[in-house]
Amino acid sequence: MDDTAEKYEEHVAAFVRFGSLELKLGRLAEAERLLTEAVSVGERHLGAEHPSLAAPLNELCRLQNRQSDYARAEPVLERMLQIDRTRGE
């Protein structure tokens, strides 16, 4: 893995850590903003199917489930599962 990809993986992970913390603190709007940014950075710099996207997608799905927003959570979960299946091949 090159240094640039590793740097962006670290960025994604940092956004996930902060987003998860905001989720635990009940600051759902800020959690969603951070987790969405994690997905966006990962897609832009690592690719839409990169395994590093599984963590922010998982946290985003947890957030949407917590909000009982199952219609938004389902496609996020499906995407996360697709990334996991692709990684397993």
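Residues satisfying the salt bridge (Lys or Arg N to Asp or Glu O under 4.0 Å) criterion with R66, sequence neighbours excluded, are absent altogether. Residues satisfying the salt bridge (Lys or Arg N to Asp or Glu O under 4.0 Å) test with E43, not counting sequence neighbours, are R79. Remark: E37 pairs with no residue by the side-chain hydrogen bond (donor to acceptor under 3.5 Å, both in side chains) rule, at least two apart or across chains. Applying the side chain to side chain contact (heavy atoms under 4.5 Å, CB included) test to R33 and every residue at least two apart in sequence or in another chain returns E30. Take Q64 and apply the side-chain hydrogen bond (donor to acceptor under 3.5 Å, both in side chains) test, not counting sequence neighbours, and it matches no residue. Scored by the side chain to side chain contact (heavy atoms under 4.5 Å, CB included) test, A55 finds V16 as partners (sequence neighbours excluded). Taking D69 as the reference, R72 meet the side-chain hydrogen bond (donor to acceptor under 3.5 Å, both in side chains) condition, with sequence neighbours excluded. In this structure S40 satisfies the side-chain hydrogen bond (donor to acceptor under 3.5 Å, both in side chains) test together with R44, sequence neighbours excluded. Listed by chain and number, the residues in a side chain to side chain contact (heavy atoms under 4.5 Å, CB included) with S68 are Y70 (sequence neighbours excluded).
Annotation for E74: atom CD does not count as buried by contact number, only 12 or fewer foreign heavy atoms lying within 6.0 Å.
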Derivation and outcome, side chain to side chain contact (heavy atoms under 4.5 Å, CB included), residues L57 and V39 = CA-CA 7 Å; L57 290 170; V39 173; 3.9 Å; yes
Mind running side chain to side chain contact (heavy atoms under 4.5 Å, CB included) on E32 and E22 for me, showing each step along the way?
-> CA-CA 9 Å; E32 184 168 10; E22 295 292 346; over 6 Å; no
Please lay out, stage by stage, how L21 and L25 fare under the test side chain to side chain contact (heavy atoms under 4.5 Å, CB included).
-> CA-CA 6 Å; L21 177 61; L25 294 173; 4.0 Å; yes
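How far CG of L46 is from CD of E6: 11.0 Å, rounded to the nearest 0.5 Å. We find the CG-CG distance between L34 and L23 to be 11.0 Å, quoted to the nearest 0.5 Å. The CG atom of L53 sits 9.5 Å away from atom CD of E9, with the distance rounded to the nearest 0.5 Å. Rounding to the nearest 0.5 angstrom, the gap separating the CG atom in N65 from the CZ atom in R62 is 9.5 Å. Taking CG from D84 and CG from N58, the interatomic distance works out to 10.5 Å, rounded to the nearest 0.5 Å.
Among residues at least two apart or in separate chains, side chain to side chain donor-acceptor pair (under 3.5 Å) pairs with a member in residues 10-21 are S20-E59. Sorted by first then second residue, the ring-ring contact (aromatic ring centres under 6.0 Å, His included) pairs that include residues 12-49, not counting sequence neighbours, are Y8-H45.
Minimum interatomic distance between P56 and V12 (heavy atoms only, all atoms of both residues): CG-CG1, 3.9 Å.
Side chains of L60 and T36 form a contact here, defined as non-hydrogen atoms less than 4.5 Å apart.
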